[in-house]
Amino acid sequence: MSKNHFLRSIAENDIKNGKHDYVYTRFPPEPNGYLHLGHAKSICLNFGLANDLNGKCNLRFDDTNPEKEDEEYAESIRQSVEWLGFKWSKLCYASDYYDQLHGFAVELIEKGLAYVDDLNAEQMREYRGTLTEAGKNSPSRARPISENLDLFERMRKGEFDEGQYTLRAKIDMTSPNMTLRDPIIYRIRYAHHYRAGDKWCIYPMYDFTHCISDALEGITHSFCTLEFQDNRALYDWVLSNITIDENLNGEKGKLMPRQIEFGRSNLEFTIASKRKLIQLVKDGHVSGWDDPRLTTLVGLKRRGYTPKSIRDFCAEIGVTKKDSVIEMTVLENAIRHDLEASAKRVFGVLKPLRVVITNYPEGQSETFTVKNHPKDDEMGTREIPFGREIYIDHDDFMLDPPKKFFRLGPGREVRLRYGYAITCNDVIHDDKGDVIELRCTYDPLTAKGQTSDGRRIKGIIHWVSATHALDAEVRVYDRLYTEPNPSAADDFITLLNADSLRVFADAKLEPSLAQGKQEDRYQFERVGYFCFDEKDNSTNKIVMNRTVSLRDTWAKVKR
RNA sequence: UGGGGUGUAGCCAAGUGGCCUAAGGCACCGGAUUUUGAUUCCGGCAUUCGAAGGUUCGAAUCCUUCCACCCCAGCCA
């Protein structure tokens, strides 16, 4: 159940007042790109509201521009909607309504409410006027109905060139609302449509198509974003001037869908513009539409975001009439919250530093049985092997540590989580002076959290047995841009974060991960949440992605 | 500047004349618990609702004026 918001109130009141018996919404993407977080908000709104109020919701492709659309996009959109956890009542395509749409256009012509215009694009711009000056009527506006009918039919038959003629609604060239200045409702396009094929060479425009599609499907509430507020007048004009005696559900009578607008939400440090996304993909700045740094739904999925976390995020940001900019931490909080409860705990070392425990007998090993989740016993236990040589993370050792560093340093003692306490006696450097190995001793009396003398060991670090460790490549992602609002820049490419992807090619993982499942999520204790990469992980090579880090107050202290 | 919208904390966002000396989440700051510097817990965080006037016993909510920001002049959606 999502939260209350003004659209839900409107829908509920419409039912309470008897205006409608049910709510029927639709999610209407154009199949010209991949879905992103902004679409998720619309999906959760439309499907979520229908679910909550026992109504229906269609997935409808608004596919009236053959030049931009493709089945590849449509397929991905269907998958993303399903992945988010929603089921459509009907799968619809505006392109399935082309015949009916054509009929309604003829009806408008017959009523003297539409005419065929021969103005070219440039002339039309001149006649349209400006924001502050009225437009003037095209000479074609006076064309007789019979001639309009004939010309429109010949447009349909393909007797003219692209751009030679358009069909326009006859409304008001002096309207202060620009969308009402005799909008084009049909244009000539000799383009192959991914579904309709080559049947048509005239294609209906959005404003004409959308309202009629809604009416045909019996939609009660047509939610869209704020920039369509001016278009609402045209939406209503079209529907009040055509005749729909019966909709596709067999309902009779005038059932007017109502368009209501809500504000877009933008996420800081991201770009949703399709044009710019295409540029990133084409120029190789990212690996594809599903690059884990992108906030496309396929990218978020590959990154390890769960459908629930995205639904929760959408509920959290709300629905209002105000465009908003959401901080990244809200999204991160949503996925951390979900994964904290559901992810199995494991040990993974991203930057391995070899540690030899000199007083542990050579060739000996033992296993510790540990919980998969600290609070959820139903998630069971697993065994982790321990031996003379282990790896710890380089970040857990400092040659000259500051006071508050509760980890390893020369002469210091830390606890190996679930294991013994070790003390660092020697530090081995290579020729360049870099630390490459630690020599430590362990205290056999410190298993199970105890110490023999009651001393308190503050530091606890994770580790993995060197002889049992799995090799893996671990990819760690950061924000793609260096600025919170990259879209505002002249050239957003210059704002790309050079460190948005860090690859840890020599990561060492605990052996239980060999039985890991693609769909499972893991918490590398003290590090973050990880998943297997859906494309590059294989039986030969383990590849994992960091979904999000754990909250890190130590990182703040360091700063 | 014609038309259409929006303005409540750093970011979202409840609230639609009195129980508002304004919910909740994120962020931030304490403090407790903790074999994850995680989680959890407890506490703090707007005398003020874009500004100024006005109406009213009483206003974030009503009125007036002003200010700021967003959208519209595609044969895109």
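What you see is a predicted model; the values in this text were computed from it and never measured. Below, read A as the first sequence line, B as the second, and so on, with proteins coming before strands; counting in each chain starts at 1.
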*Answer yes or no: side-chain N or O of A:Glu327 and base N or O of B:rG10 forming a donor-acceptor pair under 3.5 Å.*
yes

*May A:Trp554 be described as stacking on the base of B:rG37, applying a 5.5 Å centroid limit and a 30° limit on plane angle?*
yes

*Answer yes or no: does a side-chain N or O of A:Arg336 lie under 4.0 Å from OP1 or OP2 of B:rC26?*
no

*Any A:Arg345 side-chain nitrogen or oxygen under 4.0 Å from OP1 or OP2 of B:rU39*: no

*Name the closest nucleotide to the A:Glu30 side chain, picking from B:rG37, B:rG7, B:rA77.*
B:rA77

*asked:* Assuming nearest nucleotide by heavy-atom distance, tell me which of A:Ala121 and A:Glu525 is located more 5' along RNA chain B.
replied: A:Glu525

*Quantified in whole Å, what is the P atom distance between nucleotide B:rC45 and nucleotide B:rG25?*
14 Å

_If I take atom NZ in residue A:Lys322 and atom C1' in nucleotide B:rC49, what distance separates them, rounded to the nearest angstrom?_
12 Å

_When you measure from the side-chain N and O atoms of A:Thr553 to the phosphate of B:rA38, is any distance below 4.0 Å, counting only OP1 and OP2?_
yes

*Could you check A:Tyr206 against A:His373 and say which one's nearest nucleotide on RNA chain B is further toward the 5' end?*
A:His373

*Which part of the nucleic acid does A:Asn333 contact within heavy-atom distance under 4.0 Å: base, sugar-phosphate only, or nothing?*
sugar-phosphate

*With rounding to whole Å, what would you report as the distance between B:rG5 and B:rA9 at their C1' atoms?*
24 Å

*Hey, does the side chain of A:Lys274 come within less than 4.0 Å of B:rA77's phosphate (OP1/OP2), counting only N and O?*
no

_For a quick check, tell me whether the side chain of A:Arg407 and the base of B:rG37 share a donor-acceptor pair closer than 3.5 Å._
yes

*asked:* side-chain hydrogen bond (donor to acceptor under 3.5 Å, both in side chains), that's the test. Do A:Asn177 and A:Ser175 meet it? Break it down for me.
replied: CA-CA 5 Å; A:Asn177 180 346; A:Ser175 173; 5.4 Å; no

*Do the side chain of A:Asp552 and the base of B:rG37 come within less than 3.5 angstrom through a donor-acceptor pair of N or O atoms?*
no

*asked:* Whether the side chain of A:Lys375 and the base of B:rU39 hold a donor-acceptor pair under 3.5 Å is what I'd like checked.
replied: yes

*Audit row: A:Tyr186, A:Phe152, ring pair (Phe, Tyr, Trp, His ring centres under 6.0 Å) steps and yes/no*: CA-CA 9 Å; A:Tyr186 263 92; A:Phe152 187 51; 5.4 Å; yes

*Please lay out, stage by stage, how A:Cys531 and A:Met544 fare under the test side-chain contact (heavy atoms from CB on, under 4.5 Å).*
CA-CA 5 Å; A:Cys531 67; A:Met544 297 190 80; 5.7 Å; no

*How far, in whole Å, is B:rC66 from B:rC29 if one measures between their C1' atoms?*
38 Å

*Taking only side-chain nitrogens and oxygens of A:Arg264, does any of them come within less than 4.0 Å of OP1 or OP2 of B:rC71?*
no

*Does A:Arg187 place a side-chain N or O at less than 4.0 Å from the phosphate oxygens OP1/OP2 of B:rC76?*
yes

_Using a 4.0 Å heavy-atom cut-off, does A:Asp207 contact any base of the nucleic acid, only the sugar-phosphate backbone, or nothing at all?_
nothing

_Gap in Å between the two P atoms, one belonging to B:rA27 and one to B:rG18, rounded_ = 34 Å

_So that I can tick it off, tell me whether A:Glu413 and A:Arg455 are bridged by a salt bridge, with the cut-off set at under 4.0 angstrom between side-chain N and carboxylate O._
yes

*Tell me the partner of B:rU6, counting only Watson-Crick (N1-N3 plus N6-O4 or O6-N4) or G-U wobble (N1-O2 and O6-N3) with both under 3.5 Å; none if nothing fits.*
B:rA68

_Nearest-0.5 Å distance that lies between atom CD1 in A:Ile326 and atom CD in A:Glu316_ = 9.5 Å

*Which nucleotide in the list B:rC71, B:rA38, B:rG24 gets nearest to the side chain of A:Glu227?*
B:rC71

*Provide, to the nearest angstrom, the distance between the CD1 atom belonging to A:Ile461 and the P atom belonging to B:rU34.*
21 Å

*Whole Å only: how far is the CD atom of A:Glu332 from the C1' atom of B:rC12?*
15 Å

_Suppose you measure atom P in B:rG7 against the same atom in B:rA13; what distance do you get, rounded to whole Å?_
9 Å

*Could you state the CD1-P distance from A:Ile460 to B:rU36, rounded to the nearest angstrom?*
4 Å

*Should A:Tyr418 and A:Phe386 count as side-chain neighbours, where that means a heavy-atom distance under 4.5 Å?*
no

